[in-house]
Q: 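Quick one: the structure is below, and I'll ask about it shortly.
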Amino acid sequence: MPLLYYNDVIPMSEKSLNEYFYKLNKSNNTYKQYKEKLGSFIYEYFPHQLDSNKEYSKFRRTIHNKITEYMNKSHIVQVEAYRGASKSTTITNFNVLYETLTKRRHYVIIVSSTQSNANEELEKIADELLENDRLRNDFQINKVEVTVKNIYFTVGRGKRFIPNNKLEQYIIQLLRKGYMFEELLLMNKDYDYKEYYGTLRKVFKAYLNEPFKVRIRGVGAFVKVRGTKFKKYRPDLIILDDVENDENVNNSIQRDKLYNYFTKAILKLPSRTAHRWNVLVIGTVLHFDGLISRVKNRKDTLSFSYPLVINYPNKMDKWQELANMDNRDKALSIYKNNKNYYKKGTLLDNPQIDLFDVMMTYFEDIDSFNSEFQNIATVSNSGLSRYYFYEQLPDDLVYFLALDPADTQTIKSDYSGISIVGKSISTQKRYSIFNKGFKEKGLSLINLIIKLHKQYDFKIIAIESNFFSMFIDFMNKEALKYNINLPIKSINHNSNKEIRIESIGIDLELGDLLLNKDEVMLLKEIKEFPKGKNDDILDSLEMANSLSKSYLIGNNKHKPKPKPSNKLVTKIKNRRV
């Protein structure tokens, strides 16, 4: 008998049975003693496919423990994860074996971008069914037939169970419809719990040995599958595994065609009267309007995203210096000699992955990295997609600082965004001088601003004050200790943050606001806006830009803004993807 079911069929003492059913009736949502997990199945039967006996990846740990729960909550589940996260191995291979061998699915369809890719996934599953002796013996796998596009097999070598009474008939019918053991424990309404539990255990044991026929089919995208059946069963588990490819995803017609295939063909396959059916969409985000993104935005979808980099290093500017070095070996040596310094603030999905390789890949092509590893496709319709950089600063700048403080009262607070914009007295153009995010809070942040004021002598220091009036009072008191009167202006935002940030797009596009090409964190937020995790620096840049724009200086204070020349427009860098 499969080890997976051991806890499901062992007898329980009368005392423990009473306690267990009392807890079930009280909570009606916890089955600790009977909870089945994909993870235990994987470690029990596929140690030869694992790198170690401990799982370090947050993504894989979550899928191991939660995928069954996710499928119970929603018929459509979308999972996006970084390239190399073992999505196909975990969900398409291991999970399909788990769902079929535990007699929950009769007919599985795996959809890949091409038929050859689908065949590769079938081959991996077939290898385990044919060569994994322990799996074959424990689950009584027999009659395995492998064709070019299908796998057929039977689970269980016993005879079909014949019920002797109404209770046995009731239980066996529900098991054959796909109900799980723990679900049946809660469905007793008319029988004494000892009689019901004993009968359930007896019927479940017999059901484990009962023949259960399975078909696993692999198809390429757009293959006609409408109306397909295996015996009397319609597909009850459909997995779309990386169905998009790099070429088609950039074509709007192909994107629409694939989504229509999903809605009009794939979603019509399951029987709506079946107790258990699921459509899983897994992959890497290749386009903001691709299938993965569209499915994620559906109201009937339960979606999850697992990026490689959960938190970037604090010293991104120092990482860029390493990436810009011509000698990669020298850069690696500097990193190894100062690992703690460069790693500070970093959190990867899998800490076993080499951070140096990750960051070098990031700076090699940020757009590709965001798509392949961060589940962030470049947003071509962002209002910040056109901008260009200055080569050198003029000598007649006056400076403005804006601070978007992190909310120290919330657990989710990230960092405080600080931006410095310089405005030319003669041309009225504005230059982004300094943009960074800081983890420092309280007194450390105040001392930093005082230090910057000594260096730049700001005309105005703007601070978002929606929740930080006490912070501003404290900053003024600290500055007075140094005989400094800070020109603080409190900004109270009532408008939508995304709209405010997009308002700087026209200034960037016309060249009225010029960027510094070395501002790593700012450029990262621009590329990811509005889908990125952070926008604190963009928010502070918008404040500094608006402040400097409205501040009248020099001889041009009453002159209308000149229209951009054709020469300027041609220099604008179009960063649309």
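Reckoned from all heavy atoms, side chains included, excluding hydrogens, waters and symmetry mates.
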Q: What do you reckon, are the aromatic ring centroids of Tyr82 and Phe373 less than 6.0 Å apart?
A: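 Tyr82 vs Phe373: aromatic centres not under 6.0 Å.
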Q: May I ask you to establish whether Arg272 and Trp277 are in a cation-pi arrangement, using a distance under 6.0 Å from NZ or CZ to the six-membered ring centre and at most 45° from the ring axis?
A: yes
Q: Could you tell me which non-hydrogen atom of Ile76 sits nearest to which non-hydrogen atom of Ser74, and how far apart they are?
A: O-OG, 2.8 Å
Q: Looking at every non-hydrogen atom in both residues, tell me the closest pair between Leu269 and Arg234 and how far apart they are.
A: O-NE, 2.8 Å
Q: Of Val144, Ile125, Leu135, which meets side-chain contact (heavy atoms from CB on, under 4.5 Å) against Leu130?
A: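 Filter result, single survivor: Val144.
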Q: When you look at CG of Asp51, are more than 12 heavy atoms from neighbouring residues, nucleotides or ligands closer to it than 6.0 Å?
A: no
Q: What are the two closest heavy atoms between Glu542 and Arg500, and how far apart are they?
A: CG-O, 3.1 Å
Q: Taking the side chain from Asp404 and the backbone from Ile537, do they hold a donor-acceptor pair closer than 3.5 Å?
A: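 No.
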Q: Taking the six-membered ring for Trp, are the ring centroids of Tyr45 and Phe139 within less than 6.0 Å of each other?
A: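 Judged by ring-centre distance (under 6.0 Å), Tyr45 and Phe139 do meet the cut-off.
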Q: With a 6.0 Å cut-off on ring centres, are Phe304 and Tyr70 close enough?
A: yes
Q: Check whether His64 reaches the backbone of Ser40 with its side chain - one donor and one acceptor, N or O, closer than 3.5 Å.
A: no
Q: Indicate the ring-plane relationship of Tyr312 and Phe369, choosing parallel, tilted or perpendicular according to the 30° and 60° boundaries.
A: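 If you compare the ring of Tyr312 with that of Phe369, the planes turn out tilted.
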Q: Taking the inter-plane angle between the rings of Tyr152 and Phe230 on a 0 to 90° scale, is it parallel (under 30°), tilted (30 to 60°) or perpendicular (over 60°)?
A: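 It falls in the tilted class, 30° to 60°.
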Q: Report, as yes or no, whether the 6.0 Å neighbourhood of atom NZ on Lys124 holds more than 12 heavy atoms from other residues, nucleotides or ligands.
A: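 Check passes, neighbour count above 12.
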Q: In terms of relative ring orientation, are Tyr233 and His106 parallel, tilted or perpendicular, with 30° and 60° separating the classes?
A: parallel
Q: Counting neighbours of CD on Glu123 that are heavy atoms of other residues, nucleotides or ligands and sit closer than 6.0 Å, is the number greater than 12?
A: no
Q: Where do Val249 and Glu244 come nearest, in terms of heavy atoms and distance?
A: CG2-OE2, 3.6 Å
Q: Using a cut-off of 6.0 Å, state whether more than 12 heavy atoms not belonging to Lys497 lie near its atom NZ.
A: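 More than 12 within 6.0 Å, yes.
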Q: Side chain to side chain donor-acceptor pair (under 3.5 Å) with Ser305: which of Gln374, Lys296, Glu80?
A: Glu80
Q: If only atom types and distance count, is the side chain of Arg134 paired as donor or acceptor with the main-chain N or O of Glu44 below 3.5 Å?
A: yes
Q: Between Phe94 and Phe46, does the ring centroid distance fall short of 6.0 Å?
A: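 Distance test on ring centres: under 6.0 Å, yes.
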Q: When you measure from the side chain of Lys103 to the backbone of Tyr207, do you find a donor-acceptor pair of N or O atoms at a distance under 3.5 Å?
A: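 At least one qualifying donor-acceptor pair exists.
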